[in-house]
A.B. asks: 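This structure is in C-alpha cells; I'll ask about it shortly.
Throughout, numbering of the chain's residues begins at 1 and tracks the sequence. No experiment lies behind these values; they were computed from the predicted model shown.
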Amino acid sequence: MSTDGKIRCGWPGLENDELYQRYHDEEWGRPVTGEAELFERLSLEAFQSGLSWITILRKRESFRAAFSNFEPAAVAEFGPADFDRLMADASIVRNRLKINATIANAKALLALPEGTTLASIIAEHAPAPRAADEPVPAQTVESKALAKALKKRGFAFVGPTTAYAMMQAIGVVNDHQSECWLAGGTEPQ
C-alpha cells in the first residue's frame, strides 16, 4: 500500500514513485480519443518495447518536444535532418528502428483511407471483457489481429504485445488488478 492508502496494481516501482502513481491513477486504462493522442500512445508503447515503462514515462515530455507533440502531420514531414537530430537527442530513447517506425507510422496514419482512423481500427479489434480471475495476458487474439491490420496499412514496430499494451493504456481493456482501487473501471465515491 502506498503512502496515500490506495491499493494499486503491483507494478514494480509504482508504490514509491509519484509520477508513476499519477500515470496509473489518472491515465492508464482510461479512454483516449483523438488521433494525435492515440498516435502518441502507440509511439510510446513502441519505444517502450524492451524497456521498462517508467523509463519512457520519465522521458515523455522530451519525446513530446522531440516529436512535435506527436502531431501526425508534423512527424510525417520529418526528414534526414530530423532523424539525425533525434538520434543525437539524449533525452529520448535513441533507437534507429523505433525512430524510423514513428515517422513511418505518422505517414501511415495520414494515408489511411477516408473514413478510417486509428481509433476506428483499434475499436474494430477490441476484445470482450476478461473475467476478473483470468491472468493478464501479454497479447491476445485481438491484439494479434490489430497488429496485423496496422502492419497491412503501413504501420511498423506494432507487434501483438505492443498492440495489447496500447489497448491497456488507452482503456480498450481494463487490466487493473482485482485488488487495485481502479479495478472496476470507476473510482470509488
A.B. asks: Kindly indicate whether the side chain of Ile54, heavy atoms from C-beta on, has any atom under 4.5 Å from the side chain of Tyr23.
C.D. replies: no
A.B. asks: Applying the 4.5 Å side-chain criterion to the ILVMFWY set and letting contacts propagate, would Leu118 and Phe157 be lumped into a single cluster?
C.D. replies: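 Hydrophobic grouping puts Leu118 apart from Phe157.
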A.B. asks: I'd like to know if Arg30 pairs up with Glu27 as an ion pair, taking the criterion as any Lys NZ or Arg NE/NH1/NH2 lying under 4.0 Å from an Asp or Glu carboxylate oxygen.
C.D. replies: no
A.B. asks: Side chains of Met166 and Ile122: does their closest heavy-atom pair fall under 4.5 Å?
C.D. replies: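 Met166 vs Ile122: side chains touch.
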A.B. asks: Should Leu19 and Leu51 be regarded as members of a common hydrophobic cluster, given that ILVMFWY residues are connected when their side-chain heavy atoms come within less than 4.5 Å of each other, either directly or indirectly?
C.D. replies: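 The answer is yes; both residues are in one hydrophobic cluster.
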A.B. asks: Measure from the side-chain N and O atoms of Gln21 to the backbone N and O of Glu15, and report whether any donor-acceptor pair falls under 3.5 Å.
C.D. replies: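 Pair found, side chain donor or acceptor close to backbone of Glu15.
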A.B. asks: If the test is side-chain contact (heavy atoms from CB on, under 4.5 Å), which one of Leu86, Leu57, Asp89, Ile92 qualifies with Phe63?
C.D. replies: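 Of all the options given, the one that passes is Ile92.
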A.B. asks: Determine whether the aromatic ring centres of residues His176 and Trp28 are separated by less than 6.0 angstrom.
C.D. replies: yes
A.B. asks: Is the closest side-chain heavy-atom distance between Glu77 and Asp82 below 4.5 Å?
C.D. replies: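 No, every pair of side-chain atoms sits at 4.5 Å or beyond.
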A.B. asks: Does one hydrophobic cluster hold both Leu109 and Leu44, with members joined at side-chain heavy-atom distances below 4.5 Å?
C.D. replies: yes
A.B. asks: How about Phe47 and Phe67: are their ring centroids closer than 6.0 Å?
C.D. replies: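 Phe47 vs Phe67: aromatic centres under 6.0 Å.
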A.B. asks: Without swapping roles, check the side chain of Asn69 against the backbone of Glu71 for a donor-acceptor pair under 3.5 Å.
C.D. replies: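 Flag not set: sc Asn69 to bb Glu71 has no pair under 3.5 Å.
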A.B. asks: Evaluate Ile170 against Glu37 for side chain to side chain contact (heavy atoms under 4.5 Å, CB included), listing each step before the verdict.
C.D. replies: CA-CA 9 Å; Ile170 65 172; Glu37 292 80 3; over 6 Å; no
A.B. asks: If you measure from the Lys or Arg side-chain nitrogens to the Asp or Glu carboxylate oxygens, is any gap between Arg41 and Glu45 under 4.0 Å?
C.D. replies: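 Salt bridge flag = no for Glu45 with Arg41.
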A.B. asks: In this structure, would Phe83 and Val75 fall into the same cluster of hydrophobic residues linked by side-chain contacts under 4.5 Å?
C.D. replies: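 Yes; tracing contacts between hydrophobic side chains, which count when under 4.5 Å, links both residues.
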